[in-house]
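First comes the structure, then the notes that go with it.
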Protein chains: 2
Amino acid sequence: MELHRRKSKQRERIYEAIRASRSHPTAQEVYGALKAGMPSLSLGNVYRNIAILLEEGRLQAGEFGSGTVRYDAVTAGHYHFVCERCGAVSDLDMPAVEAITAAARRLSPHRVSGHTVRFYGTCAGCLGAEKAKSKQRR
Amino acid sequence: MELHRRKSKQRERIYEAIRASRSHPTAQEVYGALKAGMPSLSLGNVYRNIAILLEEGRLQAGEFGSGTVRYDAVTAGHYHFVCERCGAVSDLDMPAVEAITAAARRLSPHRVSGHTVRFYGTCAGCLGAEKAKSKQRR
DNA sequence: TTACTTGCAAAGATTTTGCATCTGT
DNA sequence: ACAGATGCAAAATCTTTGCAAGTAA
């Protein structure tokens, strides 16, 4: 009745795909990326393995306004930037400010164990596209 | 072809329900809360009106780990606390730190317009329940 | 062998939409 | 009257599950 986890090619490929990606992929994107090299792979199994990887703490999940969950191979507590125009999610090269958690502990009746920060705006790519468009308009 | 928005009893009730609630309700919760006093109300219409209210900037949306979207009548930039045990979402009485946005602007190639902070941990209610349980165990 | 894994397909859950009808203005 | 709003039910998405067959240990 114990749970001895076996090594599984599918699970490792799924983990690798997420770790290698810079884009915080969704389950469907992971599936799409692996399907070519692993035709037997099923979407249900991607979801199942992601659940296991989350449980093991090898992944982190988040929803960033698209309505679907995105995954991230945890590196450390890092902050995210979400483009309000195209929905892209990127990591921010910014040290986590532990003082924020400390401040919340002082102010809140709850047991605060940590925090995340999410920045909003327009990503560099969309800014470029916008500029090109306004130039065209003249 | 213009869009003249009409006043609608449903929409105002939906907005009021969300504004009055402290719990960041989901669409289904709003529907459940209003159904009694408005039997003809449909869930689809709740979703439609929430979309309009979001567009008008009267509401804010967020997903907090439950897999369903929660809504909030925007007051100002405020931070949230999410209980990892029961999923409850509450507001934190903590002034938004604008310096964080400024720091991100300096470090990021994107146009950063703002940020949100989310704290994680165990809420006071769950802490109490936990304590009661461990006492019982002795 | 044992019991964890997988693929497949069906089921769940949440959210969106088409359409005929109703209603503010 | 006209264009927006509503209810209802069907559809679209995303995610989870049951089951029989495959597979690591």
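Lettering of chains follows the sequences in order, A, B, ..., and the numbering in each one begins at 1.
Where B/Gly44 and B/Gly67 meet DNA chain C, the nucleotide closest to each residue was compared, and B/Gly67 sits on the side nearer the 5' end. The residue among B/Tyr71 and B/Arg5 whose nearest nucleotide of DNA chain C lies closer to the 5′ end is B/Tyr71.
As rounded to whole Å, 7 Å separates atom C1' of C/dT5 from atom CG of A/Asn45. We find that CG of A/Leu41 is positioned 15 Å from P of C/dT5, with the value rounded to whole Å. Computed from coordinates, the A/Arg70 CZ to D/dT15 P distance equals 10 Å when rounded to whole Å. With rounding to whole Å, A/Leu43 atom CG is found 15 Å from C/dA10 atom P.
Residues passing the salt bridge (Lys or Arg N to Asp or Glu O under 4.0 Å) test with B/Glu63, sequence neighbours excluded: none. Remark: B/Arg22 engages no residue in a salt bridge (Lys or Arg N to Asp or Glu O under 4.0 Å) (not counting sequence neighbours). For the side chain to side chain contact (heavy atoms under 4.5 Å, CB included) test, residues two or more places apart in sequence or in another chain that qualify with A/Thr26 are A/Gln28, A/Glu29, A/Thr68, A/Arg70. The salt bridge (Lys or Arg N to Asp or Glu O under 4.0 Å) check on B/Glu84 picks up nothing, with sequence neighbours excluded. Residues satisfying the side chain to side chain contact (heavy atoms under 4.5 Å, CB included) test with A/Arg6, not counting sequence neighbours, are none.
The overall bend of the helix from C/dT1-D/dA25 to C/dT25-D/dA1, read as the angle between its terminal helix axes built from five base pairs each, is 30° when rounded to 10 degrees.
Of all the heavy atoms in A/Thr101 and A/His115, the pair that sits closest is OG1-ND1, 2.7 Å. Residue A/Ala61 comes nearest to A/Val69 through the heavy atom pair CB-CG1, 3.8 Å, listed as atom of the first residue, atom of the second, then distance.
In terms of phosphate contacts, B/Tyr47 brings a side-chain nitrogen or oxygen within less than 4.0 Å of OP1 or OP2 of C/dT15. At the phosphate of D/dC14, neither OP1 nor OP2 sits under 4.0 Å from any side-chain N or O atom of A/Thr68.
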Check: residues 104-111 of chain A side-chain donor-acceptor pairs under 3.5 Å, at least two apart:
| unit_1 | atom_1 | unit_2 | atom_2 | d |
| --- | --- | --- | --- | --- |
| A/Arg105 | NE | A/Val112 | O | 2.9 |
| A/Arg105 | NH2 | A/Val112 | O | 3.1 |
| A/Ser108 | OG | A/His110 | N | 2.9 |
| A/His110 | ND1 | B/Ala124 | N | 2.9 |

Which side-chain N or O atoms in residues 30-43 of chain B pair as donor and acceptor under 3.5 Å with protein atoms at least two apart or in another chain?
| unit_1 | atom_1 | unit_2 | atom_2 | d |
| --- | --- | --- | --- | --- |
| B/Tyr31 | OH | B/Lys35 | NZ | 3.3 |
| B/Lys35 | NZ | B/Pro39 | O | 2.7 |
| B/Lys35 | NZ | B/Leu41 | O | 3.0 |
| B/Ser42 | OG | B/Asn45 | N | 3.3 |

Enumerate the protein-to-nucleotides 19-21 of chain C contacts in which both atoms are nitrogen or oxygen and the separation is below 3.5 Å.
none

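Residues from residues 49-57 of chain B lying near DNA chain D, meaning a heavy-atom separation below 4.0 Å, are B/Asn49 in numerical order. Looking at residues 7-37 of chain A, you'll see A/Ser8, A/Gln10, A/Arg11 sit with a heavy atom under 4.0 Å from some atom of DNA chain C.
Annotation: B/His80 is not in aromatic contact with B/Phe119 [ring centroid separation under 6.0 Å not met].
A salt bridge links A/Glu12 with A/Arg58: the distance from a Lys NZ or Arg NE/NH1/NH2 to an Asp or Glu carboxylate oxygen falls below 4.0 Å. Taking a cutoff of 4.0 Å between a charged side-chain nitrogen and a carboxylate oxygen, B/Lys9 and B/Glu16 do not qualify as a salt bridge.
Other residues sharing a hydrophobic cluster with A/Val74 under the 4.5 Å side-chain heavy-atom criterion for ILVMFWY residues do not exist; the residue is a singleton.
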